[in-house]
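The structure under discussion appears below in the form of structure tokens.
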Amino acid sequence: MVLSFSIVLVLFLLALGTFLWVLTHERRSLWSGMTLVWTIITFGLFTAVSLLIAAEVFPVTHQVVLLIFVLILLAIMFSVVAFIATLIIMFIYDGIKILIREGNRWTNFLSLAMGIGIIAYLFLFPLVGKLTHSNFGTYIYLFINLVIIYLIFIMMMYTLTSWINLVNIKTKKLDYVVVLGAGLMGKKVTPLLAARINRGIEVYRRNPGSKIIMSGGQGPGEEIPEAVAMAKYAEEKGISKQDIIVEDKSKTTRENLIFSHRLMKPDSRFAIVTNSYHVYRALVLAKRLGLQCIGYGAKTKWYFTLNAFVREFIAYLTITWRLQLSVVGCIGLGVVGLAILRQIIR
């Protein structure tokens, strides 16, 4: 038991050390989320082994330790069921709400589709497996199941890493604050864009001597470039015109980053400001462009955030499509290998 204690302690310290290293060196990687989960799991194992040792050393505590384990197990089971049920309700409720408030564009169906998809996977997909009798059908079912599990895992890590990248503690002084544009209503900023600018102004004011870059070109149906309207809004909020830099050529988030970075002095420290659900994807793009930066998120209406988050995750999969196809290909090869192995054994 002492050996087990030593092993889990080493595993926990190793996991914690890895997580802290990733956090301080490159937290924009999904390793942030994965090492956090690893740390939590190893801490749980360390706690469990400690309780078992306590039960051995102090036999009188044996029943208490057993009760604690049972309660923890029940709490975990209840939490998982409650989480899944809450997730389904939230996706469906928010999916209906966004369709009513924002219209029936295809992107507004994502939240509702996720809710229905979870229900289908939990209750209908297992029935498909039971109806599959041929070997070929069984392996196809296994492949699809493994791919879905992989995507669920990646989505969980994406969510955790997104939250981690929204927390900025004791950061060094920033030279620039880049506010990413969004749609306009004629010549005026939308409430969503106003939230981004307000958040950007907060960050700018916490960094005396910094400049604020308004980034956004003119899109379809917009009378002026987004950056121009954003700069005007910031001036009305009391920001000096000399501290505002206008980048009015970009059409995408990638261009926002590239064109804004060109306006900065060499070796400048900067932050990206956008809506919370959009921060991590922007940081991933910045990482791929070789840009060192941090991100700040602006608050968004909850029903809109959930749908937008699904959209952002799909965009992340698109950005990393080579990696995702490689993993799916490995899963396929694993299933084929299993099929061949079973034939050889027979």
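Remember, it's a predicted structure, so these values are computed and weren't measured experimentally. Just so it is clear, the values below take in all heavy atoms, side chains as well, and ignore hydrogens, waters and symmetry mates.
Here the straight-line distance linking atom CG of L291 with atom CE of M264 works out to 8.0 Å at 0.5 Å rounding. From L325, atom CG reaches atom SG of C330 across 11.0 Å, with rounding to the nearest 0.5 Å. Rounded to the nearest 0.5 Å, atoms OH (Y176) and CZ (R269) are 14.0 Å apart. Atom CZ of F313 sits about 8.0 Å away from atom OH of Y158, to the nearest 0.5 Å. Put simply, CD on Q292 and NE2 on H261 are 10.0 Å apart, with the number rounded to the nearest 0.5 Å. Taken to the nearest 0.5 Å, the CD1 atom of I224 stands 10.5 Å off from the CG atom of D248.
The local environment of OH in Y93 is sparse, with at most 12 non-hydrogen atoms from other residues, nucleotides or ligands closer than 6.0 Å. R254 CZ: 12 or fewer foreign heavy atoms inside a 6.0 Å radius. Surrounding CZ of F125 are more than 12 heavy atoms belonging to other residues, nucleotides or ligands, all under 6.0 Å away. When the shell of 6.0 Å around NZ of K237 is examined, it contains 12 or fewer heavy atoms from other residues, nucleotides or ligands. Counted within 6.0 Å of NZ on K173, heavy atoms from surrounding residues, nucleotides or ligands total more than 12; the atom is thus considered enclosed. At most 12 heavy atoms of other shown residues, nucleotides or ligands fall within 6.0 angstrom of atom NZ in K188. Annotation: M185, atom CE; neighbour count of heavy atoms from other residues, nucleotides and ligands within 6.0 Å is above 12.
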What verdict does the side-chain contact (heavy atoms from CB on, under 4.5 Å) test give for M155 and M114, after you've listed the backbone C-alpha separation in whole Å, the side-chain angles of each residue and the deciding distance to 0.1 Å? CA-CA 12 Å; M155 192 171 195; M114 279 294 294; 3.9 Å; yes
Under the side-chain hydrogen bond (donor to acceptor under 3.5 Å, both in side chains) criterion, do Y150 and Q324 qualify, and how do the steps go? CA-CA 10 Å; Y150 167 72; Q324 309 310 330; 2.6 Å; yes
side-chain contact (heavy atoms from CB on, under 4.5 Å) between I149 and Y121, intermediate numbers included: CA-CA 10 Å; I149 291 171; Y121 179 69; 3.5 Å; yes
Given the rule in the side-chain contact (heavy atoms from CB on, under 4.5 Å) test, do R199 and S276 qualify, once you have shown the distances and angles that lead to the verdict? CA-CA 11 Å; R199 181 64 165 146; S276 296; over 6 Å; no
Derivation and outcome, side-chain contact (heavy atoms from CB on, under 4.5 Å), residues W21 and E26: CA-CA 8 Å; W21 188 89; E26 185 49 273; over 6 Å; no
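Counting only heavy atoms from C-beta outward, the side chains of F270 and D175 never approach each other to under 4.5 Å. Counting only heavy atoms from C-beta outward, the side chains of Y277 and S162 never approach each other to under 4.5 Å. Side-chain contact between I319 and R281 is present, with heavy atoms from C-beta onward closer than 4.5 Å. In this structure, K211 and I244 have side chains that are not in contact, with every pair of non-hydrogen atoms separated by 4.5 Å or more. Within the 4.5 Å cutoff, side-chain heavy atoms of I294 are placed close to those of R27.
With 3.5 Å as the limit, one finds a donor-acceptor pair spanning the side chains of Y233 and N198. Side-chain contact of N275 with T300: a donor-acceptor pair under 3.5 Å is present, judged by distance alone. Donor-acceptor pairing under 3.5 Å is recorded for the side chains of H278 and T253. For the residue pair S215 and E247, a side-chain donor N or O sits within less than 3.5 Å of a side-chain acceptor on the partner. Between the side chains of S250 and N256, at least one donor N or O sits under 3.5 Å from an acceptor N or O.
Across all non-hydrogen atoms, the minimal contact from T320 to R288 is CG2-NH2, 3.5 Å.
M34 and L23 fall within the same hydrophobic cluster, where Ile, Leu, Val, Met, Phe, Trp and Tyr residues are linked whenever their side-chain heavy atoms come under 4.5 Å apart, directly or through other members. If you chain together hydrophobic residues whose side chains sit under 4.5 Å apart, I89 and I98 never meet in one group. I72 and V81 fall into different hydrophobic clusters, where Ile, Leu, Val, Met, Phe, Trp and Tyr residues are linked whenever their side-chain heavy atoms come under 4.5 Å apart, directly or through other members.
The main-chain N or O of K251 is found under 3.5 Å from a side-chain atom of E255 such that the two form a donor-acceptor pair. No donor-acceptor pair closer than 3.5 Å links the side chain of N165 to the backbone N or O of Y280.
Using a cut-off of 4.0 Å between Lys/Arg side-chain N and Asp/Glu carboxylate O, E235 and K232 are scored as not salt-bridged.
With W38 as the fixed residue, the side-chain contact (heavy atoms from CB on, under 4.5 Å) test singles out one of T42, I40, L36: T42. Of the options I258, L257, I272, a side-chain contact (heavy atoms from CB on, under 4.5 Å) to L285 is made by L257 and by none of the others.
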